[in-house]
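In what follows, chains are A, B, ... by sequence order, proteins preceding strands, each numbered from 1. Since the structure is predicted, the reported quantities are computational estimates derived from the model, not experimental observations.
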Amino acid sequence: MQEKYSHADIEPRAQAIWRQNAADYAIDAPDRPKYYCLSMFPYPSGKLHMGHVRNYTIGDVLARFNRMLGKNVLQPMGWDAFGMPAENAALANQVAPAAWTYQNIGYMKKQLQSLGFSIDWTREFATCAPEYYRWEQWLFTRLFAKGLIYKKLGTVNWDPVDETVLANEQVIDGRGWRSGAVVEKREIPMYYMKITAYAEELLQGLEELPGWPEQVRLMQKNWIGKSVGVRLAFPYELDGRKDLLWAFTTRADTLMGVTFVAVAAEHPLALHAAKNNPAIAAFIEECRQGGFAEADLATVEKKGMPTGLCVQHPITNEPVPLWVGNYVLMGYGEGAVMAVPAHDERDFAFAKKYGLPIRQVITAANETFSLDEWQDWYADKSRAVCINSGKYDGLNYEAAVEEIAADLQKLSLGGKKTQFRLRDWGISRQRYWGCPIPIIHCAQCGDVPVPDEQLPVLLPEQVEITGAGSPLARMPEFYETICPKCGQSARRETDTLDTFVESSWYFLRYACPDKQDAMLDERVNYWCRDGVDQYIGGIEHAILHLLYARFFSKLIRDVGLPGIKIPDEPFRNLLTQGMVVAPAFFRKTPDGKKIWFNPAELTLATDERGRLIAATLKADGQPVEVGGMEKMSKSHNNGVDPQALIEQYGADTARLFMMFAAPPLQSLEWSDTGVEGAYRFLRRLWRIVYAHVSQGIVAANVAADLPAPLKDLRRKLHQTITKVNDDYDRRQQFNTAVAAVMELLNAYEKTVLDTAEGRALAQETLESVTLMLFPIVPHITQILYAELKPGADAASASFPRVDEAALAQESIELVLQINGKLRGNFQVAADAEREAIKAAALASEAARKALGDKAVKKIVVVPKRLVNIVV
RNA sequence: GCCCGGAUGAUGAAACUGGUAGACAUACCGGACUUAAAAUCCGGAGCCGCAAGGCAUACGGGUUCGACUCCCGUUCCGGGCACCA
């Protein structure tokens, strides 16, 4: 055995052994218990970042641990390969998106392999491959036929200078990122997936996901946002024609307090009012300025303008003025809201700003209503009682809603309605690097899905990317086609699909990535039975990706693939890892844009406590501003490349550091210190095993009756095995598993083990330690385990077993508290009864000293923990 | 703005079901080994205090024999907000 630990030497050796034994290969063996361990696949942006290393190390720890429990493990990997960055790279560096993407995949795959992840690479695929996306197109045509995909107008960000649609990310402070032009909202026809048809099932399904974090289920629940309210109509007359303006409210009990109704700027009534009124037209134009992201809309100053039109109150028939409001969204509900200034905080502020009437229609016990200042009880339905509401006076919230809904029903002007906040999913993108939408537009036949035999609709790889408009829309050779129905010339759809579509079903395809003539085959029935066993990914995906993937499971199930059972819920257990965050550095340009600098380009200055205080750019020696901690990302340019870390210290150190620095759920602040410590621990582990092996290995048969110090060490060993097993399995908290092994090694080194029984215990301890650490640092432990047990293979070994007999203990130490404050310890037999513990506590040295002659009022005994004496 | 989290020594953190706050590390300080350095080993340390003891888990209240943990309120930081992935 080599005396010194050399990662450069042992890591390739360990990886060669795994390759030779096909240790990472998942076998399609329906008779064996399976463990499908899936980490969210990466976007091939160029290089791995720290978040990937963290994510895939967690996945690998769980995969390797479960192999040690005897399960047939599938840990696949692929590439979420469509997306905007490839087009941006094309624009910046004149490289084709496809070439750029495949080059990145090649590099990142090497990085992943160098980290020693036990990935079954035979199942690898990239979503930009036609063999993958053709089945997405095939599914699209089926969903289109079922009406689960349909076309309607949707709002996008329009850059009037570059004449192109921008993603929300490309809109900075309301302006286009490249042109700097003020962005406008524009309505264009798009395809939508009817996720709202599954709203109820998506909501109910959350109840059946005990393996998901409560936090994520709650976020999804609120996102779906089921609310029971009242849909109601305000009659109006326009140009002699009678019509109804519909709105939705969860506060029908305040209907008698409506003093105006507001519609969105895009609402037909607003547009009508603008025809003869230049001021309204100008206001609507103003509302079009800026992007459509909800965060922007919600923080914009609330503005409005009267249309000059009135609608009729459905109950009283009184005229109610109609306003246009920039805070009313066409895409939500009906695009119109009833405003009750007295009982809605936003309406209150709006009414005060524009001098609109405020009419109180509910009250709460002993509270005084004042027009001057908003108070929380105004909107508190739990205490509300109707007043000034005619026949509804005296009713509480529930009763008033029921009564008013019933009256509206009689008038055919509304009734109770269940509403969801969830909106249908717009899947059209006016971009090149995505999956082509398989539709042909025919003047005669309308939107015709591409027939199966013409699939896939191939995305051309030779394109010119200009940053203005969609490249496909400039390629007649792509869009000129004939209608499959009537044979007339027709135009192919040039939009591509949202890249979230690819990531909504990839986990199913890993079961059968080589399937040529169908989307999936029966291997799904084995690997995806009851869903993926463990899914691991960043908390930032808590809503969108995870909701879409759940939706797709149900969609594909309902489309129905013969002989294949798709689970209702795709991911049985979910681990949402925290983000890797790091400080971000920037300079502001004169026009207020922030330019972000990578830490690698900077010289950092810290104070005497090691805290970051300033940074200068190496290139020009001038200072840059130190921003806050941000998620490591391209947009903040604050990513740290793990490659240098891997090269200098090796994969095991990188893995150990990541697992030890913080628990998986928590965000991890990146720092270089600590890496050195992880490396030091591995060197120490190697040294300890070397010291033992160089004296000659022995059998790990430990005698039943050991001297006390050895008995203590052996108890510690088996306590550690219990704890580490629990940390891997139930708690999924790897930092404490590592800490427990470190503690064990500290105890090991303090114990004299030079007798025969000591050597056997040393052997047992070191074998167990290497196996316990194997999931986290597999390379070093693969090699060390074979040194301890020649011919043995850690990768196919079982996790160490706990010897219950070793855990037994005769006497234990309890804590003595007086009035809840720590006053000392005392010994008591492990199986002592309550009364005996009490007596021992009172008789203890610590109690006599602390109590003196004070009278004992009460004694609280917590077996195995403490005694609290109250005086 | 709305929804969801988080805050514990100089630093990363631990305390799992309300029961010894700070395990395990990092950085630091002191010592040993060395011609010297690195590596390694030993020891120290939350804060105040000579000590007894007191004070400490973002802040302010509450419940309890006992609160980092539960409840109410506040501040700050992070994630998501439907076209970043």
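Contact between the side-chain N/O atoms of A:Arg431 and the OP1/OP2 oxygens of B:C84 is not found at any separation under 4.0 Å. An OP1 or OP2 oxygen of B:G79 is reached within less than 4.0 angstrom by no side-chain nitrogen or oxygen of A:Gln666. OP1 or OP2 of B:U26 sits under 4.0 Å from a side-chain N or O of A:Arg680. Distances shorter than 4.0 Å separate none of the side-chain N or O atoms of A:Lys864 from OP1 or OP2 on B:U20. Proximity of A:Arg683 to the phosphate of B:U40: a side-chain N or O atom is located under 4.0 Å from OP1 or OP2. The shortest distance between the side-chain N/O atoms of A:Gln170 and the OP1/OP2 oxygens of B:C84 is not below 4.0 Å. Taking side-chain N and O atoms only, A:Ser667 has no distance below 4.0 Å to OP1 or OP2 of B:G78. The phosphate of B:A14 (OP1 or OP2) has a side-chain N or O of A:Asn735 nearer than 4.0 angstrom. The side chain of A:Arg423 contributes no N or O atom lying less than 4.0 Å from OP1 or OP2 of B:A82. Close to B:A82, at under 4.0 Å from its OP1 or OP2, lies a side-chain N or O of A:Asn168. Between A:Asn746 and the phosphate of B:A25, there is a side-chain N or O to OP1/OP2 separation shorter than 4.0 Å.
Between A:Asp498 and A:Arg429 there is a salt bridge, since a side-chain N of the basic residue sits under 4.0 Å from a carboxylate O of the acidic one. Under 4.0 Å is where a charged nitrogen must lie from a carboxylate oxygen, and between A:Lys353 and A:Glu301 at least one such pair does.
Defined by atom type and a distance below 3.5 Å, a donor-acceptor pair is missing between the side-chain atoms of A:Tyr191 and A:Asp495. Remark: the A:Thr164 side chain and the A:Asp159 side chain contain no N/O donor-acceptor pair separated by less than 3.5 Å. With no hydrogens or angles considered, no side-chain donor-acceptor pair links A:Asp162 and A:Ser179 at under 3.5 Å.
Aromatic ring centres of A:Phe660 and A:Phe681: separated by at least 6.0 Å. Taking the six-membered ring wherever Trp is involved, the centroid distance between the rings of A:Tyr132 and A:Trp505 falls below 6.0 Å.
Protein atom CG of A:Asn825 is 13 Å distant from nucleotide atom C1' of B:G19, rounded to whole Å. When the C1' atom of B:C2 is taken as reference, atom NZ of A:Lys302 falls 11 Å away, rounded to whole Å. Atom pair A:Leu48:CG and B:A85:P shows a separation of 19 Å (rounding to whole Å applied). When rounded to the nearest whole Å, the span between CD of A:Glu214 and P of B:G6 equals 12 Å. The nearest whole Å value for the distance from the OH atom in A:Tyr5 to the P atom in B:A39 is 17 Å. Rounded to whole angstrom, the span from the CG atom of A:Asp424 across to the P atom of B:C83 amounts to 12 Å. Atom pair A:Ile427:CD1 and B:A82:C1' shows a separation of 14 Å (rounding to whole Å applied). The distance between atom CG of A:Leu665 and atom P of B:G79, rounded to the nearest whole Å, is 17 Å.
Taking every side-chain heavy atom of A:Val815 into account, B:U20 is the closest of B:A82, B:U20, B:C16. The side chain of A:Leu822 lies closest to B:A21, out of B:A85, B:A21, B:C81. Side-chain proximity of A:Leu218 to the nucleotides B:A27, B:C4, B:C83 is greatest for B:C4. The listed nucleotides are B:C83, B:C41, B:A14; the one nearest the side chain of A:Arg687 is B:C41. The nucleotide whose nearest atom lies closest to any side-chain atom of A:Val156 is, among B:A23, B:G1, B:C83, B:C83. When distances are taken from the side chain of A:Asn222 to each of B:C84, B:C3, B:G79, the shortest belongs to B:C3. Side-chain atoms of A:Gln215 lie closest to B:G5 of the nucleotides B:A85, B:G5, B:A15. In the set B:A82, B:C83, B:G79, the nucleotide with an atom closest to the side chain of A:Arg421 is B:A82. Which of B:A14, B:G78, B:G12 sits closest to the side chain of A:Ala661 comes down to B:G12. Counting only heavy atoms from C-beta on, A:Arg684 has its side chain closest to B:A25 among B:G1, B:A25, B:C83.
Here A:Phe500 lies in heavy-atom contact (under 4.0 Å) with a base. Contacts of A:Gly426 with the nucleic acid, taken as non-hydrogen atoms under 4.0 Å apart, involve only primed sugar atoms and P, OP1 or OP2. Across all strands, A:Val741 comes closer than 4.0 Å to no nucleic acid atom at all (heavy-atom distances). Using a 4.0 Å heavy-atom criterion, one finds that A:His545 contacts no nucleic acid atom at all. Residue A:Lys723 is classed as a base contact, given a heavy-atom separation below 4.0 Å to a base. Nucleic acid contact for A:Met193: none, since no nucleic acid atom lies under 4.0 Å from a heavy atom of the residue. Among the atoms of the strands shown, base atoms are found under 4.0 Å from some heavy atom of A:Leu422. Within the nucleic acid shown, A:Arg429 comes within 4.0 Å of at least one base atom, counting heavy atoms only. A:Met579 comes within 4.0 angstrom of sugar-phosphate atoms only, judged by non-hydrogen atoms across all strands, and of no base. Nucleic acid contact for A:Pro42: none, since no nucleic acid atom lies under 4.0 Å from a heavy atom of the residue. Among the protein residues, A:Lys821 comes within range of the sugar-phosphate backbone only, with heavy atoms under 4.0 Å from sugar or phosphate atoms but none that close to a base.
Screening A:Leu744, A:Asn746, A:Ile721, A:Thr751 for a side-chain contact (heavy atoms from CB on, under 4.5 Å) involving A:Lys716 leaves a single residue, A:Leu744. Between A:Phe82 and the options A:Tyr43, A:Trp433, A:Tyr432, a ring pair (Phe, Tyr, Trp, His ring centres under 6.0 Å) holds for only A:Trp433.
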Intra- and interstrand pairs of RNA chain B - dot-bracket, Watson-Crick/G-U under 3.5 Å, | marks other strand: (((((((..(((......[....))).(((((.......))))).(((....)))..(((((..]....))))))))))))....

Between the protein and nucleotides 61-67 of chain B, are there any N/O to N/O pairs under 3.5 Å, and if so, what are the atom names and distances?
unit_1 : atom_1 : unit_2   : atom_2 : d
B:C65  : O2'    : A:Asn868 : ND2    : 3.4
B:C65  : O2     : A:Asn868 : ND2    : 2.5

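Two residues are said to be in side-chain contact when any heavy atoms from C-beta on lie closer than 4.5 Å; A:Phe734 and A:Met658 fail this criterion. Residues A:Leu814 and A:Val861 are not in side-chain contact: their nearest non-hydrogen atoms beyond the backbone lie 4.5 Å or more apart.
Between A:Tyr679 and A:Tyr5, the two ring planes are tilted [angle within 30° to 60°].
Toward the 5′ end of RNA chain B lies the nearest nucleotide of A:Val738, the other residue of the pair A:Val738 and A:Met84 mapping further downstream. Mapping A:Phe660 and A:Ser428 onto RNA chain B by nearest heavy atom places A:Phe660 at the nucleotide closer to the 5' end.
Listed here is the closest heavy atom pair of A:Tyr506 and A:Met40: OH-CA, 3.5 Å.
Every residue meeting the side chain to side chain contact (heavy atoms under 4.5 Å, CB included) condition with A:Ala661, not counting sequence neighbours, appears here in chain and number order: A:Phe657, A:Leu668.
Not a single donor-acceptor contact under 3.5 angstrom links the side-chain atoms of A:Glu294 to the base of B:C2.
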